[in-house]
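Step one of this worksheet: look at the structure below.
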Amino acid sequence: MTHILDEFIFNHNEVALTKMEEINTWKILVVDDDQEVHVVTKLALRGFVFQDKPLTFLSAYSGEEAMLMVKMHPDIAIILLDVVMEENDSGLKVIKYVREVLGNKLVRIILRTGQPGEVPEESVIMDYEINDYKTKVELTRQKLFTSMIATLRSYRDVATIESHRQKLEVMNQQLLQEMAERQKLESIHLEQERLRLENKFLEREKQEMLRRSQELAIAKEAAEAANQAKSEFLANMSHELRTPLNGILGYAQILKREKDLSTRQLDGLNVIQQSGQHLLTFITDILELARIESGKTKLHVLDIRLPQFLQNMVAIYRLEAHQKGLVFVYQPSPNLPVGVQADERRLRQVLANLLGNALKFTPKGQVTFKVTEQPISHISEVPEVFDPSDSSLTLIRFEVTDTGVGMRVEDLNHLFSPFEQTGAELHQADGIGGMGLAISKKLIQLMGSDLHVTSEVGKGSTFWFELILPVVFYGINEELFLSQNIIGYKLNGREEQRLKVLVVDDSHEGRTVLLNLLEPLGFEVVLAENGQQGVNLAQQMLPDIILMDIIMPVMTGIEAVQEIRKVSLLKDTFIVAVTASVLEVNLEEGRLAGCDAFLSKPIEVEKLFTLMEAHLNLEWVMGEVEEEPFNESADLFEDELPPIVAQLPKVIISPPLEELQVLLNLAMMGNLIGIDERVTAMEQQDTRFIPFARKLHQLVKNFDEDEILTIVEQCMQNETIIL
């Protein structure tokens with residue numbers, strides 16, 4: 001027993017308290033400043049065993065020593081603690097340190113005091129976390145034994161619970177880690193599944209898009225085939241109907257000239273003529289609308305002199321208004337640009353429709369045609385083809401207002417549909433509903449804008465649209481062309497010499513016109529009949545400028561330009577392509593071959609002279625010319641006449657304005673027989689008009705309505721016509 005007690009007393013090995021089954025002994029810390037208490041306590045508990053485990057005693061003789069001992073041995077089971085040691089409350093400080101600083105809730109503390117008056121039991125039990133309170137007097141060996149048994153049981157149970165708690169904590173951490181790993185794996189699996197489903201969806205969408213694209217391609221091909229078939233059908237229909245209509249309209253006019261017609265016969269012929277003209281207009285409109293809808297209508301943008309263009313439009317419709325007893329008011333903005341780039345024919349077509357409708361549906365009052373320049377910022381969105389900051393752009397507003405019958409608000413939605421005539425207009429519309437407004441709207445949309453309308457029944461309507469147009473700055477001053485004539489040229493900074501011009505054209509008339517135009521001005525003009533001859537002459541004479549027709553026999557103009565550009569002495573020679581075609585493919589071929597500029601037939605003399613001035617470094621010598629008076633028999637007032645643009649060296653003589661108006665109306669109706677008869681009478685009355693008449697006879701024979709319109713319109717603008 002003594003041997004065992006000695007092992008008890010002097011065994012100071014630390015034992016971990018993580019598991020109760022690993023505890024070999026119960027550590028007991030005796031804290032007292034009295035050495036005798038230590039000895040007595042160890043003797044009293046000699047041989048003490050609890051649950052087959054002996055006691056191991058640790059000793060501390062002060063509060064500070066006790067604190068250090070507990071910190072070093074966190075697995076102490078019981079502390080037998082004295083209160084009064086180096087200080088009166090040293091034991092109480094140890095309790096505070098163990099429970100609060102070290103956080104040791106397992107160790108059981110039995111407070112032993114020899115001075116109960118200093119530390120009353122009730123206050124200590126209430127204020128300090130101890131497990132038992134004993135006075136040293138009452139703590140006999142038996143009571144100490146009993147107290148140790150009870151306290152060790154408590155420590156065992158608490159330690160067991162703590163051990164289980166620690167196990168649960170470890171298990172909980174493991175579980176949390178497993179859950180985190182599982183969640184991570186599940187997240188990976190979910191992401192993989194999401195990507196798989198997304199790829200599957202995208203693949204399905206891709207297949208669906210491919211299917212739709214194939215269907216759209218098939219539908220597009222079918223639509224294009226249908227459009228082509230429709231275009232061919234309409235073209236054939238137009239040709240088949242125009243031919244008999246020309247006969248009907250022609251003989252209606254011939255029969256009307258008979259002198260012995262009765263009133264009934266004359267009325268019948270009028271009905272035939274009016275019905276035929278209406279049907280011809282209707283066929284033309286159908287064909288035009290079909291071309292636009294099929295995307296085959298393309299704009300041919302050219303330089304136009306805006307004031308002249310507008311004045312000529314005004315002259316035509318002011319005359320018509322005067323004949324109907326209406327007032328026609330033209331209000332141009334004073335700051336309109338002199339020149340702009342636009343599709344002249346299409347713009348004229350739209351304005352003719354708007355002005356014609358205004359006059360048609362205005363029984364009394366007036367029609368106002370207003371043209372104003374607006375700031376580009378006036379529109380909310382500039383088309384992508386234009387740069388809003390480009391100072392060479394202008395915004396022109398065209399507005400036609402009438403005091404006619406007007407339209408209901410509910411009818412405006414159908415106004416631009418083909419075959420529609422709305423509201424109050426119906427009782428005045430003769431024949432089949434028109435397509436003029438539908439065509440006009442589509443043409444304006446093709447120009448990058450839209451057609452707008454406001455109207456009120458009984459008060460009239462206003463149609464307007466705005467176009468962004470590039471401004472053209474002419475090399476030759478506009479006023480000079482209005483008052484003077486070019487009589488020669490002088491070279492800038494060079495020795496005076498005759499400039500050499502090579503004209504290559506298979507048309508005798510074309511060569512002669514340019515010869516008669518340029519030679520009187522001091523140019524040395526050499527003529528060639530085909531491309532091969534032009535190449536040979538170019539190498540011999542080394543011209544300053546070459547005017548090259550594109551379509552010629554033996555060698556085309558394109559081939560000739562390519563050969564000329566191979567000659568080193570001619571690689572910088574200024575070459576102007578002259579063509580009757582405005583197709584982009586021809587222009588592009590010309591550029592690639594080496595053409596520097598392009599002029600369309602009939603040649604506009606001002607454009608030719610502008611090119612020559614810019615590229616030959618010359619200055620035109622001007623001389624005064626007299627203005628040609630208008631025919632006084634025309635039904636126009638002097639202040640209503642368009643400005644007269646003095647012709648440069650005259651090539652042909654154009655008829656008076658009133659005759660041109662008649663020809664224009666006949667051409668727009670497609671009345672070729674009427675045109676042929678009119679020009680026949682014209683050349684019989686005045687031999688000066690024979691060249692003009694011969695050209696129109698040839699165009700009538702070829703059914704070339706477009707060229708007839710072009711020539712008549714150019715004559716109305718007092719432009720030089722080269723035939």
Side-chain angles (χ1 to χ4, degrees), residues 270 273-274 277-278 280-282 284-285 309-332 346-371 397-407 411-412 415-416 420-441 443-444 451-465 634-637 639-642 657-658 660-671 709 712-713 716:
N270 285 333
Q273 184 179 7
Q274 292 171 4
Q277 289 175 346
H278 185 80
L280 186 59
T281 302
F282 181 69
T284 303
D285 285 348
F309 169 79
L310 295 172
Q311 283 284 8
N312 286 320
M313 293 293 298
V314 168
I316 295 170
Y317 290 98
R318 180 173 284 167
L319 174 62
E320 185 175 338
H322 179 67
Q323 292 171 346
K324 288 190 65 176
L326 300 174
V327 176
F328 190 96
V329 179
Y330 175 45
Q331 297 178 342
R346 297 303 182 186
L347 182 57
R348 179 182 288 107
Q349 182 179 352
V350 171
L351 291 175
N353 181 263
L354 297 182
L355 291 169
N357 280 350
L359 293 173
K360 178 179 179 181
F361 296 113
T362 303
K364 61 180 180 178
Q366 74 177 39
V367 171
T368 302
F369 180 33
K370 185 184 296 185
V371 183
R397 178 185 174 100
F398 301 87
E399 184 177 304
V400 178
T401 302
D402 63 64
T403 58
V405 294
M407 293 167 284
D411 292 327
L412 296 181
L415 181 62
F416 298 110
E420 291 283 348
Q421 285 181 321
T422 59
E425 296 177 352
L426 280 174
H427 70 280
Q428 294 203 9
D430 52 346
I432 307 172
M435 291 177 287
L437 286 176
I439 293 173
S440 296
K441 185 177 181 68
L443 286 176
I444 293 172
L451 181 58
H452 307 274
V453 60
T454 58
S455 185
E456 187 175 350
V457 175
K459 292 187 177 181
S461 306
T462 296
F463 288 83
W464 62 273
F465 61 94
D635 190 13
L636 282 173
F637 297 106
D639 60 347
E640 295 173 343
L641 297 175
L657 184 61
E658 65 270 20
L660 293 173
Q661 174 62 52
V662 173
L663 290 174
L664 180 64
N665 291 337
L666 290 171
M668 294 182 73
M669 292 187 296
N671 189 349
L709 274 172
V712 173
E713 289 169 351
M716 294 181 72

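The figures here come from the full heavy-atom set of this structure, side chains too, leaving out hydrogens, waters and symmetry mates.
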Just do the side chain to side chain contact (heavy atoms under 4.5 Å, CB included) check on T368 and E399 with the steps written out, would you? CA-CA 8 Å; T368 302; E399 184 177 304; over 6 Å; no
Evaluate the side chain to side chain contact (heavy atoms under 4.5 Å, CB included) criterion for residues N353 and I439: first the C-alpha distance (whole Å), next the side-chain angles of each, then the deciding distance (0.1 Å), finally the verdict. CA-CA 9 Å; N353 181 263; I439 293 173; over 6 Å; no
Determine, step by step, whether T401 and W464 satisfy the side chain to side chain contact (heavy atoms under 4.5 Å, CB included) criterion, reporting the C-alpha distance in whole Å, the side-chain angles of both residues, the deciding distance to 0.1 Å, and the verdict. CA-CA 9 Å; T401 302; W464 62 273; over 6 Å; no
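Scanning for ring-ring contact (aromatic ring centres under 6.0 Å, His included) contacts around Y330 gives F369, with sequence neighbours left out. Take K459 and apply the salt bridge (Lys or Arg N to Asp or Glu O under 4.0 Å) test, not counting sequence neighbours, and it matches E456. Judged as a side chain to side chain contact (heavy atoms under 4.5 Å, CB included), and not counting sequence neighbours, the contacts of T454 are T462. Annotation: ring-ring contact (aromatic ring centres under 6.0 Å, His included) contacts of F398 (sequence neighbours excluded): F465. V327 meets the side chain to side chain contact (heavy atoms under 4.5 Å, CB included) test with V329, Q366; sequence neighbours excluded. Annotation: salt bridge (Lys or Arg N to Asp or Glu O under 4.0 Å) contacts of E320 (sequence neighbours excluded): none.
Atom-to-atom distance recorded for R318:CZ and L359:CG is 11.5 Å, nearest 0.5 angstrom. Atom CZ of F309 is separated from atom CD of E713 by 8.5 Å, given to the nearest 0.5 angstrom. How far OG1 of T403 is from NZ of K364: 9.0 Å, rounded to the nearest 0.5 Å. Taken to the nearest 0.5 Å, the CD atom of Q349 stands 10.5 Å off from the CD1 atom of I444. Distance check, rounded to the nearest 0.5 Å: CD1 of I316 to CZ of F328 gives 10.0 Å.
With no hydrogens or angles considered, a side-chain donor-acceptor pair links S455 and S461 at under 3.5 Å. A side-chain donor from one of Q661 and N665 sits under 3.5 Å from a side-chain acceptor of the other.
Side-chain contact between F361 and D402: absent, with no pair of heavy atoms (C-beta onward) separated by less than 4.5 Å. Side-chain contact between V371 and Q331 is absent, with no heavy atoms from C-beta onward closer than 4.5 Å. Contact of the L354 side chain with the L437 side chain is registered, since non-hydrogen atoms from C-beta on lie closer than 4.5 Å.
Of all the heavy atoms in L451 and S440, the pair that sits closest is CD2-CB, 4.4 Å.
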